[in-house]
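Read through the structure below, which is laid out as structure tokens, and then see the notes.
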Amino acid sequence: MSRWKALPGELDPRVRQLVVRLRRLKDHNGLSLRQLAAKTGYSTSSWERYLGGRSLPPREAVEAMARIGGDDPTRLLALHEVAAEAWGEGRAGTSAPEGPDAPNAPEASKATEATGTADTADAAGAAHTVEVVGALQAAGADDTGPYNLAAPNEETRHGRSLRVALVAGSVALVLAVSSAVLLAVRLSDGDSRASATPLGSATSSVSPSPSPSGPRTYACEVERIDGRWYAGNSRTRDAVLAEGLAGPEVAEAQCLLRRAGFAPGVVDGIFGPHTKSAVEQLQKRAGLVVDGIIGRHTWGALRR
């Protein structure tokens, strides 16, 4: 595993999650930065900035990394959408640079002198930005993107926010439908088990069935199959789970954390602070990167 430098302390946690996941994919495939650049079309210096948290990678670079690592691009792109929103918020809260280092100062100055009006200067600056992006893309440059040129205008930010909201809404809808289907299946399965099982037999090692008015809880039917531990909620070994997510995969991790001697709180399928703390304790004991995110290596430690 590579020895990575610590990420900047001021880096937003949502961006940090994306960078940590990209680092893991690189380490998992054993690629050097030069090999990564050759496979994705983005330069070595660009990947140094992306993996160092100094620049947000473009969506295409994230998708290429997922393809190379054999990972599900949907989860990685969802993390990128959230990170892009956080990155945009950080840029909006920072004032534009002044002096000779400002990227668009010469163009804005020339446009203002040529027209004498602020509206014409804005139009000329926007046209120049479009020309620069087109020229860079035609030449095959790998550093084009919404964070390497002029800061996006209000309309662009609004469009990006709308896209992020639509994606988040779609994900929430899919999770809600999936949870409803799983609940219906479990309830019907539970009724059949109750009718077939004699009174007093043990069917679960953890929490009771949820009450209609309380939060949902999951059963932990822990058993060892082919040398690995399973709790009956999910058989995944590579799903990426982080604080704020929910579903049967989270419940599976909570059950296995409890089996390993850690306390994730109530097994409710919600990745909260208690679950994150238990994950960090497991990662520390297993000698993994302590980031509170469940990935392929953390699943391996839970299943063993």
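Computation of the quantities below employed the complete heavy-atom set of this structure, encompassing side-chain atoms and omitting hydrogens, waters and symmetry-equivalent molecules. For the single chain, residues carry numbers from 1 onward in sequence order.
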Would you say the side-chain atoms of Asn233 pair up with the backbone N or O of Cys220, donor to acceptor, closer than 3.5 Å? no
Are Ile270 and Leu182 in one and the same hydrophobic cluster, where Ile, Leu, Val, Met, Phe, Trp and Tyr link if side-chain heavy atoms are under 4.5 Å apart? no
Where do Arg24 and Thr298 come nearest, in terms of heavy atoms and distance? NH2-OG1, 4.2 Å
Report the C-alpha separation of Asp12 and Val15 in whole Å, then their side-chain angles, then the decisive distance to 0.1 Å, and conclude whether the side-chain contact (heavy atoms from CB on, under 4.5 Å) test is met. CA-CA 5 Å; Asp12 189 281; Val15 181; 4.0 Å; yes
Exercise: do Ser234 and Thr236 side chains pair donor with acceptor under 3.5 Å: no
Running the 4.5 Å side-chain criterion over Ile, Leu, Val, Met, Phe, Trp and Tyr, what cluster does Val167 land in, apart from itself? Val171, Leu175
Short side-chain to backbone donor-acceptor contact, Gln17 and Arg14, under 3.5 Å: no
Starting from Val62, can I reach Trp4 by hopping between I/L/V/M/F/W/Y residues whose side chains sit under 4.5 Å apart? yes
Please tell me whether Leu36 and Tyr42 are part of a single hydrophobic cluster in this structure, the criterion being side-chain heavy atoms less than 4.5 Å apart. yes
Can Glu252 and Arg303 be counted as an ion pair, charged N to O under 4.0 angstrom? yes
Would you verify whether the NZ or CZ of Arg224 falls within 45 degrees of the ring axis of Tyr230 while also being under 6.0 Å from that six-membered ring's centre? no
Just by modelled atom types, is the Pro57 backbone N or O under 3.5 Å from a matching donor or acceptor in the His80 side chain? yes
Tell me whether Trp229 contacts the main-chain N or O of Val222 through its side chain, where contact means a donor paired with an acceptor under 3.5 Å. no
After noting the C-alpha distance and the side-chain angles of Val279 and Ile293, does the key distance pass the side-chain contact (heavy atoms from CB on, under 4.5 Å) rule? CA-CA 7 Å; Val279 171; Ile293 300 174; over 6 Å; no
Counting distance only, does the side-chain N/O of Arg23 pair as donor-acceptor with the main-chain N or O of Leu51 below 3.5 Å? yes
